[in-house]
Amino acid sequence: MSSAIPPRAVDLLIVGAGFGGLCMLHRARQRGLSALVLESAASVGGTWYHNRYPGARVDIQSMEYSFSFSEELQQEWRWTERYAAQPELLRYANHVADRFGLRDGIRLNARVTGAAFDEAANRWCVETESDGAWSARFLVMASGPLSAPNVPAFKGLESFAGPVYHTAQWPHEPVDFTGLRVGVVGTGSSGVQAIPLIAQQARELTVFQRTAAYAVPAHNGPLDAAFEARIKADYAGFRERNRRMPAGFGSELPPNPMSALEATPDEREAAFEARWRIGGFSFLGTYRDIMLDERANALAAEFVRGKIRQIVRDPETARLLSPSQTIGCKRLCVDTGYYAAYNRPNVHLVDVSRHPIDAITPAGLTTNGRSYEFDALVLATGFDAMTGTLLRLDLRGRKGLRIQDKWRAGPLNYLGLMIEGFPNLFNVAGPGSTSAFTNVIVSIEHHVDWIADCIAYLDTHGRATIEATAPAEAAWVAHVTDVASRTVYLTCNSWYLGANIPGKPRMFMPLLGFPPYADQCAEVARHGYEGFVLA
Ligand code: NAP
């Protein structure tokens with residue numbers, strides 16, 4: 001790599017100023033390290049900076065989806081809604097940056113293009129598009145597991161005459177669909193949130209659905225003041241109880257320890273109905289075995305299909321909207337008026353499951369021998385999840401090893417934190433970690449603490465580098481798949497498996513179960529970083 005500007009040096013370079021990067025920068029400074037964040041965007045916030053599509057909001061409750069590292073922060077911040085919307089989450093990220101004086105440690109508009117490990121100096125040299133080169137002992141990739149947008153290679157996409165919007169690259173100025181015909185491709189979490197709101201504005205909305213989505217109601221609303229006061233009276237205790245939950249959240253309504261298969265049909269109906277009324281992810285905890293046993297799962301799935309038939313008036317539309325895959329296998333969607341949107345006369349559903357979209361044309365698109373016309377196209381087509389951000393970089397470890405070669409068969413890693421051949425490079429919330437299966441902020445704080453402790457250990461033991469070993473990596477990847485194979489998560493084509501991107505190697509990437517994972521990471525550290533080489 002070359003650069004006109006000589007590299008500027010810090011202890012720690014962090015890529016990304018989303019929640020992961022902000023948290024890492026704060027922790028690094030507390031530990032007395034010189035640290036710098038390189039962020040491609042014009043401001044902080046990561047996911048919540050980019051995903052500005054109508055209806056974008058978090059689907060973990062606001063009181064949980066926030067940092068726990070500062071009692072003052074969690075006491076003073078007031079959420080307005082049960083599930084915060086994107087503008088409020090972005091304000092929160094900005095508040096954190098200001099409150100902890102982080103802005104002078106963040107280089108904005110500094111897109112990282114690559115990084116190479118200099119074995120002689122034991123340092124990473126990081127290149128940016130227009131901000132020169134930087135050098136650091138440690139490189140922390142906090143670039144996000146869901147931040148590389150997936151734009152399918154539709155034939156003729158560039159020929160479309162109107163605007164094309166990707167939900168993850170939404171414009172900053174308001175987009176007004178009033179009076180327009182809009183086409184939406186994609187019915188995952190982003191599409192499910194955007195469709196009801198676009199439907200209210202657009203003259204006609206045509207949704208192109210490849211896989212029908214299971215969505216449970218959010219029942220969003222103003223944050224209950226009594227609930228807020230109760231949580232704030234012992235916020236630390238609430239955080240601790242959540243950290244002991246499998247997904248790092250939901251301690252207020254834990255999974256029911258009963259099996260769905262042991263309940264009578266009437267009991268099941270009542271139990272599903274009760275959780276449906278509460279809303280959100282807790283629906284999958286109606287019984288302990290919904291995600292473990294396909295028979296239990298089928299009962300939950302059929303309950304949701306029944307709801308779809310009740311909500312959607314046209315039986316054929318209801319049939320098309322009814323998913324057939326295991327519920328929760330693709331990430332469950334949390335909605336506000338999604339299925340009901342299809343009762344509007346201006347909303348049309350086109351099934352592209354058996355006949356894919358052939359081409360985008362100047363006037364719309366063609367599929368199954370038919371043409372559909374619209375003025376604006378929305379791609380709610382998701383992400384090259386977990387690996388996309390790193391694989392789009394020119395990232396080179398020891399002996400020039402390219403990440404694209406290292407990960408040719410899938411994202412090898414140890415503890416979801418480090419990669420053999422890439423010493424002193426840490427991945428926050430990446431593949432092999434629990435990030436995607438948790439309240440990601442819980443996973444981020446855990447990773448940030450582990451990384452800070454690891455660096456402190458190296459320094460007190462006079463070691464320059466830490467690197468995962470190949471056997472530890474192989475065992476870890478097998479462990480992640482083994483855990484998933486005891487559940488229903490391998491029964492569908494999800495982004496967890498890399499199955500949403502043509503040609504991407506199939507490897508189950510996220511790890512289930514936050515508490516055992518946190519214990520394993522702690523255990524490895526306690527034993528002097530077993531499975532790593534320290535030099
Ligand atoms: P996604 O879940 O991957 O959904 C993408 C959608 O686009 C799917 O319906 C997919 O169909 C469809 N699609 C992709 N390529 C297509 C093609 N060539 N032709 C037709 N359809 C195509 O992406 P997402 O909705 O952006 O969500 C991704 C993840 O981000 C979520 O699972 C969640 O973890 C996170 N997220 C969270 C929130 C929240 O917290 N509220 C909101 C949005 C997103 P197939 O299913 O058939 O592949």
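These numbers were taken from a predicted model, which means no experiment stands behind them. Basis for what follows: all heavy atoms, side chains included, without hydrogens, waters or symmetry-related copies. Counting starts at 1 for both ligands and their atoms, in listed order.
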task: Enumerate the protein residues lying less than 4.0 Å from ligand 1, judged by heavy-atom distances, in chain and residue-number order.
output: Y53, R57, V58, D59, L146, P152, F154, V185, G186, T187, G188, S189, S190, Q193, R210, T211, K330, R331, A380, T381, G382, F383, W495
task: Determine which pairs satisfy side chain to side chain donor-acceptor pair (under 3.5 Å) with at least one residue from residues 207-218, sequence neighbours left out, and list them in order.
output: Y214-R305
Residues which pass disulfide (SG to SG under 2.5 Å) with C333, listed by chain and number, not counting sequence neighbours: none
- request: Would you tell me whether N220 and E81 have side-chain atoms, one donor and one acceptor, within less than 3.5 Å of each other?
  value: yes
- prompt: Any side-chain donor paired with an acceptor under 3.5 Å for Q74 and R239?
  reply: yes
- request: Scan residues 193-202 for pairs that pass salt bridge (Lys or Arg N to Asp or Glu O under 4.0 Å), counting only residues two or more places apart or in two chains.
  value: none
message: In terms of relative ring orientation, are Y287 and F272 parallel, tilted or perpendicular, with 30° and 60° separating the classes?
response: perpendicular
